[in-house]
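Reckoned from all heavy atoms, side chains included, excluding hydrogens, waters and symmetry mates.
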Amino acid sequence: MSKLLQLHNTATRSKQTFTPMREDAVGLYVCGPTVYDLAHVGNARPVVVFDSFVRLLRRLYGTVTYVRNITDIEDKIIDRAHELGVTIAELTADTTQAFHDDMAALGALPPDHEPRATEHVDGMIAMTEVLIEKNHAYEADGHVLFDTTSMEDYGVFSKRSQRELIAGARVEVAPYKRNATDFVLWKPSNEEQPGWDSPWGKGRPGWHLECSVMSEALLGQTFDIHGGGIDLVFPHHQNEIAQSTCAHDGAAFANYWMHNGHVTVGGEKMSKSLGNFLTVHELLEEFPGEAIRLTLLSAHYRQPLDFTKEAIGESRRILDKWYRAVGQATASSDLPVAVEAALCDDLNTPKAIAEMHRLSDLAMAGDGAAASDLKAVGEVLGLLQASAETWFQGGGGDDDLSAEAIENLIEQRREARANKDFAASDQIRDDLAAQGIVLEDGAGGTTWRRGQGAGS
């Protein structure tokens, strides 16, 4: 494959040719979940997008180190644990496991490293001490705050006005802050809140500080690509840059920044605060994970994606066709030229999916090479990962007939045919067809698959 990879860099607001720091190795950090509740589809979009991107990078480069963190200490977690009457450890353990299960069902591979904020508090204290020593931070009323006026180009990355910078400050404009835009590196904890001993008393780190320290620990002071949702550009990523570059005397933090667009519902951003969200866990009770994944990849990652159950149903029908087309084919070693070009052009998944439709049509017409190419494209997009037999017989929702029930009906139909009761035989076939189950009679007996109407 060619290594001419073009990426839209949020830092420059332009598309650039990607040049890694090392010729055959890439370091990628993506902001992961704050584990206080089940993940919704908006939370899943960056997981699916960057999972596909990592799959592409691994075809292009010898070594890819993919880091995605877990934020397991944050005020939302403290509040949620108190609300549920459980310990923070119980809440974060259960929610992290649910996140892992849901993302695996969407075909997302685990990252190479998954650091947890609570494992890196010593590093956060150390970076805070460095920032104080270099006059980029100050202690006030038990807090340690980053002095935004100490960084000449603070706000340039996010291109925010002074008013927007003030509005985006993560902590309220408190009297102990020198500047309204200053943000918290360390905050005090009371007896009921989790805390760690520090030079400033018992406390806990600010949210922005966590990712600066974890990314450095696993990828170094400067690394190739930092990713996340578009909502993280400000204040989170702006403040990560401030902390890291000032702690390291102006050394670059990440060379390229990638951000996926919002998931919307009726044109409005999906969020827990608005209550207009769909959890991945709930959707998996109705649809196979690959159908949800295909839906998330159907729009370009930088564009908003309006998400509906009808769209997932259509994705499932598309996958039915593709699985029939690919059959038992093994994946080609190389991607088709058109797909490679699309994905190397800022991960243009809609264009790659359009090519999958073309390959599917050729494969259905008996083109074995097209079937192998279709399978190869599926591998890089995390699709067509099951066997065709498993896909069609696996079901996708609680309302689907189980495989055992279908086999029992097929046996009843076989007995009816043996007794020449063709009316009963036809009725069973029609009843199964009405539920999206397609029977195929052959020399070896009757086989079945879930057709385009099943589960959607």
Would you check if Ile78 and Arg204 make a side-chain contact, meaning some heavy-atom pair closer than 4.5 Å?
-> yes

Enter the distance from Lys159:NZ to Gln238:CD here, rounded to the nearest 0.5 Å.
-> 10.0 Å

Only one of Phe146, Phe157, Trp207, Tyr154 forms a side-chain contact (heavy atoms from CB on, under 4.5 Å) with Asn239, so which one is it?
-> Tyr154

So which of Asn255, Asp346, Asn9 actually passes side-chain hydrogen bond (donor to acceptor under 3.5 Å, both in side chains) with Gln16?
-> Asn9

Checking side chain to side chain contact (heavy atoms under 4.5 Å, CB included) for the pair Ile225/Leu7: CA distance, chi angles, key distance, verdict?
-> CA-CA 10 Å; Ile225 305 169; Leu7 299 177; 4.1 Å; yes

Backbone N or O of Lys76 within a donor-acceptor pair of the Glu74 side chain at under 3.5 Å?
-> yes

Ala25 versus Pro20, closest heavy-atom pair with distance = O-CB, 3.7 Å

What is the distance from atom OG1 of Thr245 to atom CG of Asp153, rounded to the nearest 0.5 Å?
-> 7.0 Å

Sidechain-backbone polar pair: Ser372 side chain, Thr330 backbone, donor-acceptor under 3.5 Å | yes

Working for side chain to side chain contact (heavy atoms under 4.5 Å, CB included), residues Tyr256 and Thr19 = CA-CA 9 Å; Tyr256 300 84; Thr19 304; 4.0 Å; yes

With a 4.5 Å heavy-atom cut-off, do Val47 and Leu296 have their side chains touching?
-> no

Please name the pair of heavy atoms, one in Val339 and one in Ala352, separated by the smallest distance, quoted to 0.1 Å.
-> CG1-CB, 4.2 Å

Please report the shortest heavy-atom distance between Ala386 and Trp391, naming the atom on each side.
-> CB-N, 4.5 Å

Check: Pro115 main-chain N/O paired with Asn69 side-chain donor or acceptor under 3.5 Å = no

Grab the two heavy atoms, one from Cys344 and one from Leu56, that are nearest each other, plus how far apart they are.
-> N-CD2, 4.5 Å

Check whether any side-chain heavy atom of Thr71 lies under 4.5 Å from a side-chain heavy atom of Pro33, and answer yes or no.
-> no

Which pair of heavy atoms, one from Leu131 and one from Gln243, lies closest together, and at what distance?
-> CD2-O, 3.6 Å

State whether a side-chain donor-acceptor pair under 3.5 Å links Asp334 with Ser332.
-> no

Phe277 side chain near Ser271 side chain, heavy-atom distance below 4.5 Å | no

Atom pair NE2/NZ of His8 and Lys15 - distance to nearest 0.5 Å | 8.5 Å

Kindly determine whether Leu283 and Phe307 satisfy side chain to side chain contact (heavy atoms under 4.5 Å, CB included), including the steps that lead there.
-> CA-CA 12 Å; Leu283 288 172; Phe307 199 88; 3.8 Å; yes

Row check, Tyr138 ring normal vs Arg178 NZ/CZ: under 6.0 Å, within 45° | yes

Side-chain donor/acceptor of Asn43 to backbone N/O of His40, under 3.5 Å | yes

Between CE of Met270 and CG of Asp306, what distance do you get to the nearest 0.5 Å?
-> 8.5 Å

Hey, does the side chain of Asn348 reach the backbone of His300 with a donor-acceptor pair shorter than 3.5 angstrom?
-> no

Classify the side-chain pair Tyr29/Glu240 by whether it contains a donor and acceptor separated by less than 3.5 Å.
-> no

Taking C-beta and beyond as the side chain, do His113 and Arg68 meet within less than 4.5 Å on heavy atoms?
-> no

Greater than 12 external heavy atoms within 6.0 Å of Glu152's CD = no

May I ask you to decide if Ser212's main-chain N or O and Ser215's side chain share a donor-acceptor pair within less than 3.5 Å?
-> yes

Any donor-acceptor N/O pair, Lys375 side chain to Leu384 backbone, under 3.5 Å = yes

Please report the closest heavy-atom contact between His120 and Ala217, naming both atoms and the distance.
-> CE1-CB, 3.9 Å

Is a side-chain donor or acceptor of His262 paired with a backbone partner of Thr264 at a separation under 3.5 angstrom?
-> no

With distance as the sole test, does Asp112 use its side chain to make a donor-acceptor pair with the main-chain N or O of Tyr66 at under 3.5 Å?
-> yes

Nearest-0.5 Å distance, CG of residue Leu294 to CH2 of residue Trp322 = 5.0 Å

Going by heavy atoms in the side chains, are Met214 and Val67 under 4.5 Å from each other?
-> no

Compare all side-chain heavy atoms of Leu218 with those of Thr65 and state whether any distance is below 4.5 angstrom.
-> no

When you check the gap from the basic side-chain N to the acidic O, do Arg324 and Asp320 get nearer than 4.0 Å?
-> no

Indicate the ring-plane relationship of His143 and Tyr176, choosing parallel, tilted or perpendicular according to the 30° and 60° boundaries.
-> parallel

Spatial distance of atom CD (Gln97) from atom CG (Asp102) [nearest 0.5 Å] = 10.0 Å

Decide if atom NE2 of His82 counts as having more than 12 heavy atoms of other residues, nucleotides or ligands within a radius under 6.0 Å.
-> no

What is the ring orientation for Phe50 with Phe53, classed by angle as parallel under 30°, tilted 30 to 60°, or perpendicular over 60°?
-> perpendicular

Does the Arg293 side chain pair with the main chain of Leu381, one donor and one acceptor, at a distance under 3.5 Å?
-> yes

Taking it one step at a time, do Glu210 and His236 satisfy side chain to side chain contact (heavy atoms under 4.5 Å, CB included)?
-> CA-CA 10 Å; Glu210 297 175 0; His236 187 49; over 6 Å; no

Any Ile241 side-chain heavy atom under 4.5 Å of Met151 side chain | yes

